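Source: prediction; values computed, not measured.
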Amino acid sequence: MKFVKSNSVGRISVDLKAVEIGDGLLVVITGGNAHIGAAAVGINYGTLATSSVITVPGHREDRVVKDAAEKLAKELGRTVVVVAGIHYDEMSKEEIGDALRLSGELVDELAGELCKRR
C-alpha cells in the first residue's frame with residue numbers, strides 16, 4: 001500500500017506519504033523546504049499507544065511526529081514510524097498553526113483510509 005496526499009492553505013502546503021513495511025507503517029510529512037527535522041516510533045499497547053521521539057537540534061517538528069505516531073499506532077494497532085520536516089521562511093504563528101492543522105488532517109485521512117481496509 002502506498003498513500004500520498006497533500007493539503008494547503010495560503011502559502012502553506014503539507015504533503016504526507018505512507019508506505020507499509022511488513023506489519024509496520026512508515027509515514028513522511030513534509031512541507032516547503034522538505035528535510036528531516038524529527039522522527040518518532042509509535043507503538044500500540046492495546047488501548048494505549050506510546051512513542052519515542054528524536055528531534056534534530058534547532059527543529060520543532062517533534063509535536064507533529066509524536067501526535068501522528070501515537071494516533072496512528074493506537075488507531076491501527078501497529079508499529080508506526082513518522083518522519084517530518086516542514087520549513088517555510090519567516091512563518092507566522094498563524095502559519096505554524098496551519099501547518100500543524102494540515103498535518104493532523106492528513107494523518108486523520110490516512111487513519112480513516114487504513115481503518116476501512118481492515
Side-chain angles (χ1 to χ4, degrees):
M1 180 283 311
K2 191 172 181 182
F3 180 92
V4 179
K5 287 282 184 173
S6 296
N7 204 350
S8 63
V9 61
R11 73 177 182 126
I12 306 301
S13 180
V14 177
D15 303 317
L16 184 147
K17 299 175 183 110
V19 61
E20 291 177 311
I21 300 175
D23 292 338
L25 182 67
L26 172 63
V27 178
V28 178
I29 301 171
T30 57
N33 183 12
H35 62 282
I36 297 174
V41 177
I43 301 167
N44 180 284
Y45 290 106
T47 60
L48 300 173
T50 187
S51 64
S52 292
V53 177
I54 299 173
T55 305
V56 174
H59 291 260
R60 294 189 242 165
E61 289 88 358
D62 53 315
R63 182 168 157 200
V64 172
V65 298
K66 180 176 178 55
D67 291 351
E70 290 181 3
K71 177 183 183 60
L72 292 168
K74 183 177 181 180
E75 290 190 17
L76 303 175
R78 62 203 297 191
T79 301
V80 179
V81 172
V82 180
V83 177
I86 301 168
H87 177 84
Y88 287 89
D89 289 337
E90 300 178 25
M91 286 178 79
S92 68
K93 287 183 181 181
E94 181 180 338
E95 289 175 324
I96 292 168
D98 289 340
L100 291 170
R101 182 180 52 77
L102 294 171
S103 298
E105 289 172 0
L106 290 169
V107 168
D108 289 346
E109 192 172 339
L110 172 63
E113 181 69 27
L114 293 176
C115 283
K116 280 193 256 180
R117 294 182 184 184
R118 288 203 266 179

Undergrad: Quick one: side-chain hydrogen bond (donor to acceptor under 3.5 Å, both in side chains) partners of Ser52, sequence neighbours excluded?
TA: none
Undergrad: What I'd like to find out is whether the side chain of Asp98 reaches to under 4.5 Å of the side chain of Met91, using heavy atoms alone.
TA: no
Undergrad: Could you list the donor-acceptor pairs under 3.5 angstrom formed by side chains in residues 18-36, with sequence neighbours left out?
TA:
| residue | atom | partner | partner atom | Å |
| --- | --- | --- | --- | --- |
| Glu20 | OE2 | Arg78 | NH1 | 3.2 |
| Glu20 | OE2 | Arg78 | NH2 | 3.0 |
| His35 | ND1 | Asn33 | O | 2.8 |
| His35 | NE2 | His59 | ND1 | 3.2 |
| His35 | NE2 | Glu61 | OE2 | 3.1 |

Undergrad: Side chains of Val53 and Thr55: closer than 4.5 Å at any heavy-atom pair?
TA: yes
Undergrad: Check Ala111 against Leu76 and note the closest heavy-atom contact, atom names and distance.
TA: O-CD2, 4.1 Å
Undergrad: Less than 4.5 Å apart, any side-chain heavy atom of Thr79 and any of Val41?
TA: yes
Undergrad: What residue pairs, at least two apart or across chains, pass side chain to side chain donor-acceptor pair (under 3.5 Å) with a residue in residues 83-92?
TA: His87-Asp89
Undergrad: Taking all non-hydrogen atoms of both residues into account, name the closest pair between Ser51 and Ala69 and its distance.
TA: CB-CB, 4.4 Å
Undergrad: Do Leu100 and Val64 have side chains that approach each other closer than 4.5 Å (heavy atoms only, starting at C-beta)?
TA: yes
Undergrad: Take atom CD1 in Ile96; do more than 12 heavy atoms of anything else shown fall under 6.0 Å from it?
TA: yes
Undergrad: I need the minimum non-hydrogen distance between Val83 and Val65, along with the two atoms involved.
TA: C-CG1, 4.1 Å
Undergrad: What residues form a side-chain hydrogen bond (donor to acceptor under 3.5 Å, both in side chains) with Arg101, not counting sequence neighbours?
TA: Glu105
Undergrad: Which residues pass the salt bridge (charged side-chain N to carboxylate O under 4.0 Å, His left out) test with Glu94, sequence neighbours left out?
TA: none
Undergrad: Indicate yes or no for a side-chain donor-acceptor contact from Asn44 to the backbone of Ala49 under 3.5 Å, with no hydrogens or angles considered.
TA: no
Undergrad: Could you tell me which residues satisfy salt bridge (charged side-chain N to carboxylate O under 4.0 Å, His left out) with Lys66, sequence neighbours excluded, listed by chain and number?
TA: Glu70
